[in-house]
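Written below as structure tokens is the structure these notes are about.
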2 protein chains.
Amino acid sequence: MKQYLKLDEWKIIEDQFHPEFNEITESIFSLGNGRMGQRGSFEETYTGKTLQGNYVAGVYYPDKTRVGWWKNGYPEYFAKVLNAANWNGLEIKIGDEIVDLNQSTINAFYRELNMKEGYILRTCSITLKSGKSIEIKSIRLNSMADDESGAISFSIKALNFSDTVQVKAFVDGDIKNKDSNYDEKFWDEVQVGAQENTSYVWSKTKKTGFEVVTGQQVQLQLNGNLIQAKAQIGTREKYSELNYQVPVNEGDTLTIFKYAVNLSSENHPSAELLTRAQNYLAKISQKGFDQMLAEQAAAWAAKWAINDIIIKGDVSAQQGIRFNIFQLNQTYTGADDRLNIGPKGFTGEKYGGSTYWDTEAYCIPFYLSTAPQEVSKNLLIYRWKQLDRAIENAGKLGFNQGAALYPMVTMNGEECHNEWEITFEEIHRNGAIAYAIKDYVDYTNDRKHLVEYGWEVLIGISRFWAQRVNWSENLQKYVMLGVTGPNEYENNVNNNFYTNYFAVWCLKYTLEVLAEIQANYPAEAKEKLAKTNFVTKEIEQFNHIIQNMYFPRDEKRGIYLQQDGFLDKVIAPVDSIPAGQRPINQNWSWDRILRSCYIKQADVLQGMYFFENDFTKEEIERNYDFYEPLTVHESSLSPCVHNILAAKLGKEDKSYEFYTRAARLDLDDYNNDTEDGCHITSMAGTWMSIVKGFGGMTIQDHQLNFEPFLPKQWDEYAFKINFRDNQLAIKIHKQGIEIDNLSNTPITLKVKGNPYTIAANSKQAI
Amino acid sequence: MKQYLKLDEWKIIEDQFHPEFNEITESIFSLGNGRMGQRGSFEETYTGKTLQGNYVAGVYYPDKTRVGWWKNGYPEYFAKVLNAANWNGLEIKIGDEIVDLNQSTINAFYRELNMKEGYILRTCSITLKSGKSIEIKSIRLNSMADDESGAISFSIKALNFSDTVQVKAFVDGDIKNKDSNYDEKFWDEVQVGAQENTSYVWSKTKKTGFEVVTGQQVQLQLNGNLIQAKAQIGTREKYSELNYQVPVNEGDTLTIFKYAVNLSSENHPSAELLTRAQNYLAKISQKGFDQMLAEQAAAWAAKWAINDIIIKGDVSAQQGIRFNIFQLNQTYTGADDRLNIGPKGFTGEKYGGSTYWDTEAYCIPFYLSTAPQEVSKNLLIYRWKQLDRAIENAGKLGFNQGAALYPMVTMNGEECHNEWEITFEEIHRNGAIAYAIKDYVDYTNDRKHLVEYGWEVLIGISRFWAQRVNWSENLQKYVMLGVTGPNEYENNVNNNFYTNYFAVWCLKYTLEVLAEIQANYPAEAKEKLAKTNFVTKEIEQFNHIIQNMYFPRDEKRGIYLQQDGFLDKVIAPVDSIPAGQRPINQNWSWDRILRSCYIKQADVLQGMYFFENDFTKEEIERNYDFYEPLTVHESSLSPCVHNILAAKLGKEDKSYEFYTRAARLDLDDYNNDTEDGCHITSMAGTWMSIVKGFGGMTIQDHQLNFEPFLPKQWDEYAFKINFRDNQLAIKIHKQGIEIDNLSNTPITLKVKGNPYTIAANSKQAI
């Protein structure tokens with residue numbers, strides 16, 4: 001754990017420079033607007049530790065897979081999130097001396113990520129080797145209002161000298177991914193250019209052919225007055241620059257405004273990319289930096305109005321949850337159904353791909369409750385659009401007849417993870433994708449979605465399960481062999497409880513949906529059944545599996561087994577691992593981890609979290625008490641699920657402990673890996689920790705139910721929820737619960753199982 | 001299957017050119033002498049399909065491993081067998097026209113691998129595009145007598161023209177491995193040079209720093225008379241050449257003798273490499289080609305005198321077994337205890353590494369019976385010398401206290417395979433390495449080996465097993481979790497019968513050896529026990545495991561289960577796989593293969609082959625009848641074991657079928673992969689198919705026992721055996737069995753369990 005950042009309710013603050021943690025700070029200070037994003041690196045030259053990263057949503061590269069021995073069915077490539085042209089670039093010279101914090105004495109330093117208004121601010125006072133001292137102030141944003149653009153205001157004040165300041169503002173497209181498998185560069189140049197105060201780099205990805213024009217426009221001010229400096233322009237391969245020379249006197253402040261755009265061929269015809277980029281630049285530079293900053297604050301204010309969670313009495317927890325919500329909103333806005341929520345968002349390139357089961361299992365509940373319905377719907381449509389690819393993917397493994405296996409990692413629907421034990425075996429992801437449909441429909445009541453989109457996805461997934469199980473003559477049951485559950489510290493196991501349970505649930509739900517759409521939308525249903533070549537004997541087949549699935553169980557302990565043979569391991573609690581050997585994934589061989597009883601993240605318990613109503617509280621508790629002590633929580637997705645279950649089971653201290661771990665995972669660098677980027681998808685889990693964990697939010701009989709408690713460390717907490725046509729504000733404080741119906745219709749809901757009806761636009765204390 | 005090669009008892013013949021199969025022919029026509037070797041490519045320019053390969057024993061490169069996601073304990077590199085400098089090189093021009101079979105009309109073509117005398121011969125008559133016709137005759141050998149050298153005699157007869165023949169004889173060290181992970185070249189140049197009629201390339205491997213001087217010396221003859229042509233010399237990076245211009249008249253024959261040497265820093269001080277290479281070249285060129293050829297024939301005659309197996313009445317079977325014996329002798333001579341038997345020998349570079357469990361499980365029995373005792377002993381000492389590395393290897397996985405895990409693939413004792421499911425899990429290899437000690441000691445009666453070398457290896461291996469099992473509270477037995485058995489179509493299974501059985505056997509045998517060495521060599525034993533930090537409570541620990549090991553079993557069928565849960569699979573015989581889907585490893589996804597019941601190579605049955613005496617014939621038959629129909633034999637190591645078991649069970653037709661498949665695997669390209677090189681280690685299995693399969697050779701009560709039968713397709717077969725101080729010749733023909741004691745002492749042996757004593761130097765018919 002590292003705790004060098006200061007606590008504040010709305011800001012992340014570094015009040016003295018920590019060059020040793022600079023890559024971590026860059027991850028945490030990342031900016032994004034759903035369409036583009038970047039790590040929080042300095043604008044000017046910095047020769048210390050830094051990882052530059054600029055990303056454009058939806059743009060990827062199929063990097064040839066690295067495996068030891070190729071086998072049939074292995075994916076051809078791993079889709080890399082592409083590090084793209086850097087538009088931050090500034091080189092500042094005082095006389096001939098480059099401004100570089102790594103080569104200067106730092107007299108004062110402060111930077112903040114302002115989450116309330118969506119920008120990063122830095123002020124510092126430094127002395128160069130020559131003895132010249134300057135003050136720097138920079139503000140940067142990735143605009144939410146104009147989501148293909150960003151802007152920088154960068155000021156230098158000459159404290160003790162008069163000299164010429166040389167400003168080189170550049171766009172650098174000669175960028176390499178740190179994690180390139182074969183040390184290749186993924187971008188080719190289409191064209192570069194510079195003219196007056198603008199310049200651009202037009203790049204094209206190898207193989208995939210995505211084109212991106214990254215352009216900049218520069219304005220200069222001296223002591224607040226615009227100056228008409230003429231740029232000396234320059235270009236080389238994949239690079240363009242604008243150079244200015246400005247004489248400054250002691251006490252003068254030179255301000256550079258840099259406006260930048262990223263236009264991608266995903267959103268614009270290739271032929272018009274350049275013109276549109278130039279127009280876009282003209283538009284925003286005309287708007288001006290202050291106006292952009294004001295619009296940014298307004299856009300964030302609108303988001304916080306529905307998203308914010310307020311915690312009183314615990315600044316650390318408050319900062320944590322806001323940071324999580326802020327990053328989620330920066331990553332995905334729901335505006336484009338081709339995009340998804342990458343595991344690192346725009347904060348780093350590790351893991352590659354944009355879409356994991358995290359989207360359905362962790363993120364959709366957050367967006368369902370805190371964003372317009374379309375946002376979640378777009379995430380569902382994303383999968384629906386990729387159904388053909390999921391069917392192809394299953395086909396490569398030998399499945400047929402419309403069986404669909406959604407990929408473990410993808411950009412465009414094709415599988416691109418590169419380990420068989422994950423790719424072929426971590427098939428439980430199919431379950432979460434089906435579950436998200438139910439989650440969305442139950443939450444929004446958009447039941448027509450089932451016939452419009454849901455059925456096709458569900459029947460594909462269910463056909464996969466029906467083919468993936470096999471009848472064991474030995475057990476006289478269906479079994480599912482050779483899988484990896486959510487707990488990736490086990491590979492290629494048989495009868496993983498979570499996967500078997502989810503398979504059966506998918507089959508049941510598919511049959512329920514079949515009945516519902518046939519009853520409610522007979523004409524559309526008929527068409528969809530024909531389109532999916534559905535035959536009624538599939539009903540019989542599904543039912544036979546539903547009725548005869550095998551679940552490994554230990555009757556003595558009254559628990560389900562994570563998989564066949566789990567109890568043949570040496571069972572000893574995590575506490576018994578000697579000090580210094582954790583995290584085990586950094587200290588133990590993979591051999592030892594695989595054979596141990598230690599669990600990376602919830603597995604049986606993940607199933608009980610999803611299907612809470614299928615199990616008694618006692619049953620959940622027996623399983624929790626058996627599995628949680630064996631769990632090392634080395635996945636960022638683990639604490640939140642345990643938090644929710646612990647809360648449900650009344651283990652309030654444990655629940656709070658899990659919350660803290662989830663909320664401050666990146667801020668405190670718990671897993672010693674934030675320098676690679678932030679854990680974006682788990683941030684939605686943090687939100688769930690409060691709303692579903694402490695707040696105890698569930699849906700019962702189509703109504704919201706809350707079973708909240710107030711962690712004893714807090715004075716109160718409050719959040720808002722969109723539910724169907726209502727918006728509610730819920731506050732839990734020491735005196736009780738306050739529910740404010742912000743809608744124009746009355747709402748009936750339950751608190752601790754008791755129904756309450758709250759009139760429109762009114763508040764009720766419970 | 002491809003059957004373009006002609007049948008002959010002593011030769012492999014291609015009597016018309018098959019350019020489409022040229023890479024297969026190159027594999028089959030490979031030459032070697034244990035110290036160096038090469039694929040059977042043409043000497044002169046050939047622009048058609050070819051894979052040049054030259055290899056120097058013991059020289060390797062640690063190529064950085066390719067994996068998707070690195071995990072602790074993964075090996076750093078994969079040791080590549082290095083494709084080395086090509087010393088074959090000849091470019092022949094008639095006027096300005098390059099001689100190239102791929103650009104010529106071929107009027108006649110013949111080539112043979114002469115196994116009796118150890119060379120390749122080619123004659124062909126071709127017409128160049130210009131209309132000039134020539135005859136080529138080439139003979140090439142890798143000398144057994146001078147095992148760092150080779151020689152070529154290459155003649156051109158001008159059939160219908162007079163012109164200048166330009167000869168460029170070169171050594172090319174600018175060589176790349178086809179299977180380089182990152183497209184790197186592995187050799188640097190130290191120096192190149194040329195002088196008069198010699199030239200050389202002195203190369204050094206990157207990282208490992210092996211140095212090799214490859215030199216050539218050239219002599220020319222015109223119509224049988226030496227000519228004193230002066231070479232025009234040339235060098236460039238990693239390359240040297242000698243150029244000659246010889247005017248020839250119609251009817252003239254120009255002969256190029258090319259003598260070559262490969263001297264490695266493994267065998268010579270680096271500082272003397274060049275001088276020694278030059279001296280070596282002088283020595284062999286003085287000897288002359290004819291003399292070298294005669295010495296080669298003599299060396300092979302000596303080998304065949306003890307190695308040959310004669311089969312009458314079946315030329316195909318005769319050719320097959322001789323080809324197998326020939327390649328084994330080319331690959332490994334036993335002269336150097338640092339060397340081992342690579343899976344492809346000197347016939348290709350696929351698979352890398354030199355040492356697999358194949359050496360102990362398949363090759364040692366061959367060398368024990370057909371070579372001086374030192375040959376097998378050197379193979380054992382090879383592992384003894386690498387014990388420290390095996391302990392380090394186990395240490396990387398978390399084992400300690402002297403536990404040793406021998407590598408799956410190695411060059412120098414370090415593990416260098418690159419798939420966790422093999423590296424960490426295919427640990428049964430440890431068993432075969434222990435078994436080879438017993439095999440060697442029982443066969444040779446060199447019982448002192450146990451205290452000198454055996455104990456240290458055995459205790460290291462047994463300690464590994466003792467740590468690798470764990471006590472299952474659930475079963476109240478020891479279990480072994482997370483292994484891969486010999487059947488690599490299963491990964492990460494629990495309680496693989498073969499591995500569990502072998503572990504227990506190792507523990508038992510280690511305790512037996514302990515008792516024996518303490519009784520017979522008390523002083524040496526005391527020293528070795530101290531050296532290995534042996535404590536007596538290990539005896540108790542080993543015994544507890546021996547008495548309480550878990551073996552998965554199906555009582556109903558009376559068979560052992562290959563692993564936990566095997567019967568939960570869909571069990572259907574290989575026959576039920578639809579036509580066109582085999583081999584399954586080329587047609588099915590890895591997912592499908594892993595979940596299927598299909599077995600790559602003997603697994604439970606491999607155990608029953610090793611420990612035949614532990615099981616009744618009925619028990620073996622029940623297991624054979626269950627598992628063999630599920631076995632696809634997609635490993636070259638599979639048919640021989642099944643042949644031996646089928647023979648034992650009286651399934652003579654099946655046994656013969658397996659023999660044919662084993663013996664002609666490469667000649668007929670059964671597995672469609674001979675172009676990558678020959679399956680060297682499985683060739684020892686073919687030898688076992690005859691001697692242990694048809695011949696039924698076992699050791700019973702320290703005596704040889706034969707239970708032979710004559711396959712009905714054959715008239716007779718005969719082989720020789722070294723057993724302790726005796727040499728025996730055994731002939732099985734229609735009238736019965738003839739045993740010829742070639743030694744000066746009488747021998748007692750058994751035939752079909754009945755004892756016979758055969759006087760010195762006499763023959764007995766049974």
Side-chain angles (χ1 to χ4, degrees), chain A residues 65-69 71-74 78 181-183 351 396-399 417-425 427 468 470-475 477 479-483 490-495 550 554 564-571 584-596, chain B residues 65-69 71-74 78 181-183 351 396-399 417-425 427 468 470-475 477 479-483 490-495 550 554 564-571 584-596:
Chain A
T65 300
R66 249 178 2 193
V67 291
W69 299 88
K71 299 192 184 90
N72 283 331
Y74 278 23
F78 190 79
N181 280 343
Y182 295 89
D183 222 30
Y351 295 128
K396 285 180 192 164
L397 303 185
F399 299 88
H417 195 281
N418 53 0
E419 293 178 312
W420 65 264
E421 59 272 26
I422 306 291
T423 312
F424 293 172
E425 299 209 333
I427 53 179
R468 186 59 167 72
N470 70 269
W471 179 254
S472 163
E473 281 297 331
N474 183 45
L475 295 171
K477 289 275 183 187
V479 293
M480 185 136 41
L481 307 180
V483 306
E490 302 279 352
N491 288 160
N492 197 41
V493 300
N494 295 334
N495 294 312
Y550 172 74
D554 178 45
D564 280 356
F566 187 79
L567 289 178
D568 290 339
K569 292 169 179 276
V570 176
I571 307 288
I584 59 172
N585 70 13
Q586 289 174 23
N587 290 284
W588 286 10
S589 71
W590 187 235
D591 173 54
R592 194 168 171 193
I593 291 175
L594 280 178
R595 291 189 286 117
S596 79
Chain B
T65 299
R66 250 183 353 196
V67 291
W69 299 88
K71 300 192 183 90
N72 283 330
Y74 277 25
F78 190 79
N181 280 345
Y182 295 90
D183 223 31
Y351 294 130
K396 285 179 194 165
L397 303 185
F399 299 90
H417 195 281
N418 54 359
E419 294 178 311
W420 65 266
E421 58 272 27
I422 306 292
T423 312
F424 294 171
E425 300 210 331
I427 52 178
R468 186 59 166 74
N470 69 271
W471 180 255
S472 163
E473 281 297 328
N474 183 45
L475 295 170
K477 291 274 183 187
V479 293
M480 185 136 42
L481 307 180
V483 306
E490 301 279 354
N491 288 161
N492 197 41
V493 300
N494 295 335
N495 294 311
Y550 173 73
D554 179 44
D564 280 355
F566 188 79
L567 289 179
D568 290 338
K569 292 170 179 275
V570 175
I571 307 288
I584 58 172
N585 70 14
Q586 289 174 22
N587 291 284
W588 285 10
S589 72
W590 187 235
D591 172 55
R592 194 167 171 192
I593 290 174
L594 281 179
R595 291 189 287 117
S596 80

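Residue numbers start from 1 in every chain, and the chains themselves are labelled A, B, ... in the order their sequence lines are given, proteins ahead of strands.
- When each of Val570(A), Leu567(A), Ile571(A) is scored by its heavy-atom pairs under 4.5 Å with chain B, the top score falls to Leu567(A).
- Interface residue Asn587(B): only backbone heavy atoms are found under 4.5 Å from chain A.
- Only the backbone of Lys396(A) comes within contact range of chain B, judged by heavy atoms closer than 4.5 Å.
- Only the side chain of Val479(B) comes within contact range of chain A, judged by heavy atoms closer than 4.5 Å.
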After noting the C-alpha distance and the side-chain angles of Ile427(B) and Met480(B), does the key distance pass the side-chain contact (heavy atoms from CB on, under 4.5 Å) rule? CA-CA 11 Å; Ile427(B) 52 178; Met480(B) 185 136 42; 4.1 Å; yes
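- Looking only at heavy-atom pairs under 4.5 Å with chain B, the residue among Ser472(A), Gly73(A), Gly482(A) that has the most is Ser472(A).
- The shortest side-chain heavy-atom distance between Arg468(B) and Leu397(B) does not fall under the 4.5 Å cut-off.
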Show, in sequence, the C-alpha distance, side-chain angles and deciding distance for Val493(A) and Val483(A), and conclude whether the side-chain contact (heavy atoms from CB on, under 4.5 Å) test is met. CA-CA 5 Å; Val493(A) 300; Val483(A) 306; 4.1 Å; yes
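- Looking at Asp183(A), neither its backbone nor its side chain comes within 4.5 Å of chain B, counting heavy atoms on both sides.
- Annotation: side chain to side chain donor-acceptor pair (under 3.5 Å) contacts of Glu421(A) (sequence neighbours excluded): Trp420(B).
- Put simply, the side chain of Asn470(A) gets close to the backbone of Asp568(B): a donor and an acceptor are under 3.5 Å apart.
- For the residue pair Asn418(A) and Thr65(A), the shortest heavy atom distance occurs at CB-CG2, 3.3 Å.
- If you measure heavy-atom distances from Phe399(B) to chain A, the contacts under 4.5 Å come from the side chain alone.
- Pairing each heavy atom of Asn72(B) with each of Phe424(B), the nearest pair is O-CZ, 3.8 Å.
- Neither the backbone nor the side chain of Tyr550(A) comes within less than 4.5 Å of any heavy atom of chain B.
- Remark: the backbone N or O of Trp590(B) is not paired with any side-chain donor or acceptor of Arg595(B) at under 3.5 angstrom.
- Looking only at heavy-atom pairs under 4.5 Å with chain A, the residue among Asp564(B), Asn474(B), Asp591(B), Ile422(B) that has the most is Asp591(B).
- Heavy atoms closer than 4.5 Å to chain A are found nowhere in Asp554(B), neither backbone nor side chain.
- Of the atoms belonging to Leu594(B), it is side-chain heavy atoms, and not backbone ones, that fall under 4.5 Å from chain A.
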